[in-house]
Number of protein chains: 2
Amino acid sequence: MNPFLRKLALRANLDDGDVAALGAATSDVAQVEAGRDLVSEGVRPDAAYVILDGFACRYKLVPDGGRSILAYLVPGDGCDLHASLLNRAIHSVATLTPCTVASIPYRTIKGLAALRPNIYRALWWSVLVDEAVLQEWLVGVGRRSADKQVAHIICELFARLNAVGLGLEPEYRLPLAQSELADTAGLSNVHLSRVLADLRRAGLIESGRKSVRVPNLARLQEFSGFTPDYLLLPGRDPAVEALGALPQMTGQVRAASGP
Amino acid sequence: MNPFLRKLALRANLDDGDVAALGAATSDVAQVEAGRDLVSEGVRPDAAYVILDGFACRYKLVPDGGRSILAYLVPGDGCDLHASLLNRAIHSVATLTPCTVASIPYRTIKGLAALRPNIYRALWWSVLVDEAVLQEWLVGVGRRSADKQVAHIICELFARLNAVGLGLEPEYRLPLAQSELADTAGLSNVHLSRVLADLRRAGLIESGRKSVRVPNLARLQEFSGFTPDYLLLPGRDPAVEALGALPQMTGQVRAASGP
DNA sequence: CGATTATTTGACCAGCTTCAAACAGTGTGG
DNA sequence: CCACACTGTTTGAAGCTGGTCAAATAATCG
């Protein structure tokens with residue numbers, strides 16, 4: 001069971017047919033080296049991608065040459081499965097580490113969406129989560145101090161990794177470079193280095209070249225004020241309705257896909 | 001034809017039945033005074049709302065008492081039509097001016113979505129636009145100077161108003177207070193006042209109490225580097241696929257609603 | 001008119017950026 | 001295996017941007 005399946009299973013009950021269909025859809029797998037664009041802003045991608053292993057990010061370049069990271073993609077995350085509507089990517093996606101990537105032709109997504117209401121629901125759910133994460137980042141950049149914001153981002157990544165059963169063992173490490181965190185938090189590399197030094201001094205993290213380790217996640221969460229509510233994770237999260245009540249906007253699709 | 005219809009018509013071809021159904025759905029109209037919450041974070045709303053006249057915003061309160069504005073809602077915009085999945089609002093929505101608001105019970109939305117594929121598609125499209133706008137704001141807060149960022153936000157609002165045929169006549173005025181722009185841009189009220197003074201001195205805007213006027217939109221766009229690409233407006237925007245190609249993820253829904 | 005809300009202005013300071021240089025790992029070719 | 005280049009991180013110094021505090025001004029409302 002790959003991380004993509006595990007992620008979708010958080011949002012909807014997948015039956016054997018769903019699992020088989022998703023397994024087939026993600027069977028076209030490739031290794032991609034670190035630092036490669038999977039999708040380039042302005043270009044029409046020919047397929048959607050799902051990260052099965054490694055880290056990637058969505059980003060935009062700004063006129064002065066800077067980069068703004070809009071989201072991290074961890075194993076299980078897809079890039080723009082829903083954006084098949086668009087003619088042209090409105091942001092780029094790049095690998096941050098070597099990645100195992102499955103590519104899924106748009107027509108396969110279309111087929112899954114039409115025939116597999118559970119999958120369909122889970123995909124749209126993940127769009128809502130993406131939006132909630134963006135909102136939280138916007139709050140962070142605007143209103144949190146640099147150290148708390150960086151800590152918050154790190155906590156969020158661990159919460160998301162945890163949700164797909166990754167990232168916690170053996171040593172709570174993220175393979176992120178400082179320049180990546182800087183482009184996420186809207187800080188300069190130099191200042192981000194100082195912020196990490198402060199967090200290190202406070203014993204909240206350990207960091208090295210392209211690596212951030214969290215010896216005590218609970219302490220970092222407390223420091224940053226992180227709560228996982230907005231990630232809409234099931235079970236632990238009171239915002240999420242019981243799964244049985246989900247089909248609201250898709251009732252007719254379910255009926256249509258019946259025998 | 002109300003602004004909600006006009007907005008949805010940007011995304012999909014609405015037939016007579018669609019228009020009639022939307023008209024009926026938005027017939028429960030109320031006047032709401034300025035500064036009232038339509039939706040409160042943490043509370044389950046009992047209906048979705050559509051702004052027919054006036055300005056509103058989505059916001060979150062942060063622990064230190066500050067407010068972070070996450071989106072502006074202009075006539076035609078709905079608040080969280082898609083969020084009927086959630087048990088509990090993850091942000092609040094408040095009116096900024098007196099508003100005319102239609103409330104739509106969730107089951108009506110469900111019905112429209114199931115029976116009216118054109119409407120369904122248009123609603124999801126607007127979710128993608130919301131996400132694109134959030135991304136652009138995140139870039140702005142992180143990487144744009146205060147004056148350009150504020151100018152960019154103003155340009156965006158005019159572009160969105162323009163798309164539903166509003167806001168340009170008679171005098172290119174927005175009813176925004178400085179504290180609202182400050183909470184959007186992540187700036188203090190004091191500094192925002194100085195930023196507006198700079199823009200005023202440069203002849204790019206005129207501003208008064210709860211009012212920002214733009215005498216020459218093209219100049220402000222040039223100053224801020226604004227391009228409307230990310231708003232995914234049809235026609236003028238090469239990112240948007242021909243409407244006929246839209247049904248991708250909803251093909252089965254269309255079939256289900258047929259005769 | 002007085003009370004309230006919105007905006008402006010000034011003074012001072014903190015946080016962050018920029019520039020510049022040093023430093024430390026990592027990989028590469030001789 | 002070492003020398004060299006390269007990338008990523010650290011550190012210092014100087015300066016700008018924007019925050020905070022405080023008070024003045026202006027518009028709106030009752």
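In what follows, every chain begins at residue 1, and chains take the letters A, B, ... in the order their sequences are listed. Keep in mind the model is a prediction, meaning the values are calculated, not measured. No hydrogens, no waters, no symmetry mates; every other heavy atom, side chains included, goes into these values.
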Taking only Lys NZ, Arg NE, NH1 and NH2, and the carboxylate oxygens of Asp or Glu, determine whether A:Arg160 and A:Asp77 approach each other closer than 4.0 Å. yes
Separation of D:dT10 C1' from A:Gln178 CD (nearest whole Å): 8 Å
Rounded to whole Å, how long is the line connecting atom CG of A:Asp198 with atom P of D:dT10? 11 Å
In whole angstrom, give the distance that lies between atom CD of A:Gln149 and atom P of C:dC16. 9 Å
Side-chain atoms of B:Ser207 come closest, of C:dT8, C:dT18, D:dG8, to C:dT8
From the set C:dC16, D:dT10, C:dT8, return the single nucleotide nearest to any side-chain atom of A:Ala146. C:dC16
The side chain of B:Ala177 lies closest to which of these nucleotides: C:dC16, D:dG19, C:dT7? C:dT7
Is the count of non-hydrogen atoms from other residues, nucleotides or ligands lying under 6.0 Å from B:Arg36 atom CZ greater than 12? no
Hey, which sits more toward the 5' end of DNA chain D by its nearest nucleotide, A:Arg143 or A:Lys210? A:Lys210
Any ion pair linking A:Arg58 and A:Glu41 (charged N to carboxylate O, less than 4.0 Å)? no
With a 4.0 Å cut-off on N to O distance, would you call B:Arg143 and A:Asp183 a salt bridge? yes
Nucleotide nearest B:Val190 when distance is taken to its side chain, options D:dG19, D:dC21, C:dT17: D:dC21
Rounded distance (Å) that lies between atom P of C:dA6 and atom CZ of B:Arg209: 6 Å
Map B:Arg194 and B:Ser179 onto DNA chain C by nearest heavy atom, then report which one ends up closer to the 5' terminus. B:Ser179
Without decimals, in angstroms, what is the distance between A:Leu196 CG and D:dT10 C1'? 11 Å
Which of C:dT17, C:dT8, D:dG18 is nearest the side chain of A:Leu187? It is C:dT17
